[in-house]
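Working notes for the structure below.
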Amino acid sequence: MKSIATIKVGSLKDPDPEKRGKVAVREIPVPEVGDEDVKIKVAYCSICGSDPHVIGGIFGWTPPYGLGHEVSGVIVELGKKAAENGRLKVGDRVAGNFLHFCGKCYYCQNGQQQFCENIPEGNAGMAEYTVWHESQVYKLPDEISLRKGCLLEPLSIAVRIADKINMKVGRRIAINGSGPIGLLALQVLKMYGATSLTVFEPIEERRNVALEFGADYVVDPIANDIAVKTAEITDGRGYDVVIDASGATKAVAALPKIAAKG
């Protein structure tokens, strides 16, 4: 099958073209379907901010290897055990979690699956087909299109944020950065009843999208002192929760100054 794959690792910003990571469309073997596996014909695979890091060789894999993990598609084959339980069937429209946790190591047993010691190298999502364990696969509701369905994995990050902060109605919330994750978090927390919902974002176009998606305030952190703006918005109290969705170390340093007591 054809897959978009990393064929050379290296910094994408290196001025020397010979030292940059490179991608290409490559023929790779179709993954075998085990007893508990699900074979998916990929419909959509969105591009994640981590994909450039993968091209840069952050995981130490030997190229060529496939790219992409935010997937939606249609089931075309089920392993014997996956078919027996009746939860999924051929023809189902699905999305899911690209990671298969072992469920047996210390961290999985401790409810910290993100630190699983036995996560296998994932199958490519930017390919004609991908094969996942049935535990990774979720059937999409009829009203959710396959195009929207590929956002299930990044959306789960926003839902996890709401879980981690023990969200309560009326909490004052600030989100630093309005890229895809910041905008998804904005929408989820708006539904949870956030107030003084503020997005700090230097790019005007993204600030405008944040307003469209429900932000009460947007602030350019380069043109403004965020501590002064926070005092104006929150009557000097600060935000009950401050979320960084920018990944910018320079931006993070200022965030404790706008957090409320506690």
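Annotation: side chain of Arg93 is not in contact with side chain of Lys139 (no heavy-atom distance under 4.5 Å). Side-chain contact between Thr198 and Thr230 is absent, with no heavy atoms from C-beta onward closer than 4.5 Å. The closest side-chain heavy-atom distance from Glu143 to Lys148 is not below 4.5 Å. No side-chain heavy atom of Cys150 sits less than 4.5 Å from a side-chain heavy atom of Val71. With contacts defined as side-chain heavy-atom distances shorter than 4.5 Å, the pair Leu184/Ile157 does not qualify. With contacts defined as side-chain heavy-atom distances shorter than 4.5 Å, the pair Lys190/Asp216 qualifies. You'll find the side chain of Asn176 stays beyond 4.5 Å of the side chain of Val242, heavy atoms only. Between Val188 and Met167, the closest side-chain pair of non-hydrogen atoms is not below 4.5 Å.
Note that CG of Leu186 is 11.0 Å distant from CD1 of Ile173, once rounded to the nearest 0.5 Å. Leu189 CG to Thr195 OG1: the interatomic distance, rounded to the nearest 0.5 Å, is 11.0 Å. With rounding to the nearest 0.5 Å, the separation of CD1 in Ile119 from SG in Cys108 is 7.0 Å. The structure places OG of Ser135 at 10.5 Å from CG of Leu99, a figure rounded to the nearest 0.5 Å. Taking CG from Leu151 and CD from Glu153, the interatomic distance works out to 10.0 Å, rounded to the nearest 0.5 Å. Rounding to the nearest 0.5 angstrom, the gap separating the NE2 atom in His53 from the OG atom in Ser11 is 11.0 Å.
Trp61 and Phe59 have parallel rings, their planes meeting at less than 30° on a 0 to 90° scale where 60° marks the start of perpendicular.
Between Ala251 and Ser246, the shortest heavy-atom contact is CB-OG, 4.1 Å. In terms of heavy-atom proximity, Met126 sits nearest to Ser46 at CE-O, 4.1 Å. In terms of heavy-atom proximity, Pro52 sits nearest to Gly49 at CD-O, 3.2 Å. Contact record, Pro256 with Ala253: CD-O, 3.5 Å, taken as the closest heavy-atom pair. A pairwise comparison of heavy atoms in Gly103 and Gln109 identifies O-NE2, 2.6 Å as the closest pair. Among all heavy-atom pairs drawn from Cys45 and Gly68, the shortest one is SG-CA, 3.6 Å.
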Quiz prompt | His69 and Asp51: CA distance, side-chain angles, deciding distance, side chain to side chain contact (heavy atoms under 4.5 Å, CB included) verdict | solution = CA-CA 9 Å; His69 55 269; Asp51 286 325; 3.9 Å; yes

Quiz prompt | Test log, rule side chain to side chain contact (heavy atoms under 4.5 Å, CB included), inputs Arg26 and Lys2 | solution = CA-CA 6 Å; Arg26 295 291 295 270; Lys2 286 184 169 60; over 6 Å; no

Exercise. Decide side chain to side chain contact (heavy atoms under 4.5 Å, CB included) for Ile258 and Phe200; before the verdict, give the C-alpha distance in whole Å, the side-chain angles of both, and the deciding distance to 0.1 Å.
Key: CA-CA 11 Å; Ile258 66 173; Phe200 295 99; 3.7 Å; yes

Exercise. Report the C-alpha separation of Val9 and Tyr65 in whole Å, then their side-chain angles, then the decisive distance to 0.1 Å, and conclude whether the side chain to side chain contact (heavy atoms under 4.5 Å, CB included) test is met.
Key: CA-CA 10 Å; Val9 299; Tyr65 49 79; 3.4 Å; yes

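The backbone N or O of Gln112 sits nowhere less than 3.5 Å from a side-chain atom of Asn110 that would complete a donor-acceptor pair. Using a distance-only test at 3.5 Å, with no hydrogens or angles considered, no donor-acceptor pair links the side chain of Glu117 to the main chain of Cys105. A donor-acceptor pair under 3.5 Å is formed between the side chain of Ser72 and the backbone N or O of Leu146. The main-chain N or O of Ile226 is never found under 3.5 Å from a side-chain atom of Asn224 such that the two would form a donor-acceptor pair. Although no hydrogens or angles enter the test, the distance criterion places no donor-acceptor pair under 3.5 Å between the side chain of Arg207 and the main chain of Val219. With Tyr239 contributing its side chain and Ser196 its backbone, the two residues share no donor-acceptor pair below 3.5 Å. Of the possible donor and acceptor atoms, none in the side chain of Arg237 sits under 3.5 Å from a partner among the backbone N and O of Ala260. Side-chain N or O atoms of Gln187 include one that pairs as donor or acceptor with a backbone N or O of Leu183 at under 3.5 Å. Side-chain atoms of Asn97 never come within 3.5 Å of backbone atoms of His100 as a donor-acceptor pair (strictly under, hydrogens ignored). Of the possible donor and acceptor atoms, one in the side chain of Thr130 sits under 3.5 Å from a partner among the backbone N and O of Ala124.
Each of Lys261, Arg171, Arg172, Lys168 was compared with Asp240 under the salt bridge (charged side-chain N to carboxylate O under 4.0 Å, His left out) criterion, and only Arg172 meets it.
Atom CD of Glu205 is surrounded by 12 or fewer heavy atoms from other residues, nucleotides or ligands within 6.0 Å. When the shell of 6.0 Å around CZ of Arg87 is examined, it contains more than 12 heavy atoms from other residues, nucleotides or ligands. Around the CG atom of Leu12, the shell of radius 6.0 Å holds more than 12 heavy atoms that belong to other residues, nucleotides or ligands. A 6.0 Å sphere centred on OH of Tyr107 holds no more than 12 heavy atoms belonging to other residues, nucleotides or ligands. Within a 6.0 Å radius of CG in Asp142, no more than 12 heavy atoms belonging to other residues, nucleotides or ligands are found.
A salt bridge links Asp92 with Lys89; the closest basic N to acidic carboxylate O contact falls under 4.0 Å. In summary, Lys81 and Glu84 do not engage in a salt bridge, as defined by a charged side-chain N under 4.0 Å from a carboxylate O.
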Run the side-chain donor-acceptor check on residues 28-44: report pairs under 3.5 Å with partners two or more places apart or on a different chain.
from: Glu36; atom 1: OE1; to: His133; atom 2: NE2; distance (Å): 2.7
from: Asp37; atom 1: OD2; to: Gly34; atom 2: N; distance (Å): 2.8

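Ile233 and Ile243 are not part of a single hydrophobic cluster, where members link through side-chain heavy atoms under 4.5 Å apart. Ile7 and Val23 fall into different hydrophobic clusters, defined by Ile, Leu, Val, Met, Phe, Trp and Tyr side-chain heavy atoms under 4.5 Å apart, directly or through other members. Transitive grouping of hydrophobic side chains (ILVMFWY, heavy atoms separated by less than 4.5 Å) brings Leu78 and Val94 into a common cluster. In terms of hydrophobic clustering, with Ile, Leu, Val, Met, Phe, Trp and Tyr side chains grouped at heavy-atom distances under 4.5 Å, Phe98 and Phe101 are assigned to a common cluster. One hydrophobic cluster holds both Ile55 and Val25 under the rule that ILVMFWY side chains link at heavy-atom gaps under 4.5 Å.
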